[in-house]
2 protein chains.
Amino acid sequence: MRTRVQDSFRALADPTRREILVMLSKREMTIGEIAAEFPITRAAVKKHLTMLEEGQLISVHPIGRERINRLEPTGIKNVHDWMSYFDQFWDDKLSSLQTLLNNQ
Amino acid sequence: MRTRVQDSFRALADPTRREILVMLSKREMTIGEIAAEFPITRAAVKKHLTMLEEGQLISVHPIGRERINRLEPTGIKNVHDWMSYFDQFWDDKLSSLQTLLNNQ
DNA sequence: ATTAAATGATACCAAAAGGTATTATGTCAA
DNA sequence: TTGACATAATACCTTTTGGTATCATTTAAT
């Protein structure tokens, strides 16, 4: 099954891709600029960017011969929404753990 | 690199595992009970549960010959914390999109 | 004490992921 | 127009992942 949520979760499951997202949160970058920051080839970075785009975590904007990669909030919201269901659990559980620790 | 955050993200990247988490949010279950809900073998489910445990998304509690699988908030919090950095972006961006739509 | 039940462990397989190298394509600049 | 530059596309390789089948181990029940 390949839903939008699935593509977003899959894209976030790789540390290099998460690092790229942090970089793009500071400024828009081309593939070449991103690749310069990693010890892997441009081709490998391109694959990561494709997955990030499929997960709606970035959008890509061709300008001339360059392609500007931009952070896109949709994918993060996908994941955020799915996870929000569990907020009640870790909220309750961790706060009661906190209470437990405070009382010792 | 295999950090705790990485293990949590990796565990969430599979749809079967996410479904298991939803099931465990309703009640604690043994491996056998979980496996009965999926068209895959117990061995496959066991592997999923191992990854969920590594990602700190569940905890496992042996009782007699059974193993009770319980939802564990730590892993979800790991992911939540990592993602909270991006809240500013999708918060701003989506709210300005909302504003844009409202003004049309 | 035996047997059945619940799980663990291992070896194996196909497909997906993450990577490389190489070749092709489009675009800017002299 | 002819290079040089930025990216695309393809073929290929290795490791991880998701799955199976099989056998071993522990525990409950008769």
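First the proteins, then the strands, lettered A, B, ... as listed; each starts at 1. Source: prediction; values computed, not measured.
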What is the distance from CG of A:Asp14 to C1' of C:dG19, rounded to the nearest Å? 11 Å
Measure from CZ on B:Arg10 to P on D:dT15 and round the result to the nearest Å. 17 Å
Is a side-chain donor or acceptor of A:Glu33 paired with a backbone partner of A:Thr30 at a separation under 3.5 angstrom? yes
Hey, any chance A:Met51 and A:Ile76 share a hydrophobic cluster, counting ILVMFWY side chains that come within less than 4.5 Å of each other, even indirectly? no
Should A:Arg17 be listed as having a side-chain N or O under 4.0 Å from OP1 or OP2 of C:dA17? no
Protein heavy-atom contacts under 4.0 Å, written 5' to 3' over nucleotides 24-30 of chain C as B (base), S (sugar-phosphate only) or - (none), form the string ---BS--
Contacts to DNA chain D from residues 31-44 of chain A, heavy-atom cutoff under 4.0 Å, which residues? A:Ile31, A:Gly32, A:Arg42
Under 4.0 Å from any atom of DNA chain D, heavy atoms only: list the residues of residues 45-54 of chain B that qualify, in numerical order. B:Lys47, B:His48, B:Met51
Show the nearest heavy-atom pair for residues B:Ile58 and B:Leu24, with the distance to one decimal. CG2-CD1, 3.6 Å
Could you pull out the closest heavy-atom pair between B:Leu12 and A:Met83, with the gap in Å? CD1-SD, 4.2 Å
Backbone N/O of B:Val60 and side chain of B:Arg67: donor-acceptor pair under 3.5 Å: no
In terms of heavy-atom contacts, B:Ala13 and A:Ala13 come closest through CB-CB, 3.6 Å
Which nucleotide in the set D:dA6, D:dG19, C:dA17 lies at the smallest distance from any side-chain heavy atom of A:Glu66? D:dA6
Residue pairs, two or more places apart or on separate chains, that pass side chain to side chain donor-acceptor pair (under 3.5 Å) and touch residues 36-46 of chain A: A:Lys46-A:Thr50
B:His61 atom NE2 is separated from C:dT7 atom C1', nearest whole Å, by 17 Å
With the 4.5 Å side-chain cut-off for hydrophobic clustering, are B:Ile68 and B:Leu57 part of the same group? no
Residues that B:Glu28 engages under salt bridge (Lys or Arg N to Asp or Glu O under 4.0 Å), provided they are two or more places apart: B:Arg70
How close do B:Ala44 and B:Ile40 get, counting heavy atoms only, and between which atoms? CB-CD1, 3.9 Å
Among residues at least two apart in sequence or on other chains, which ones pass salt bridge (Lys or Arg N to Asp or Glu O under 4.0 Å) with B:Glu54? B:Arg2, B:Arg10
Tell me whether the OP1 or OP2 atom of C:dT7 has a side-chain N or O from B:Thr30 closer than 4.0 Å. yes
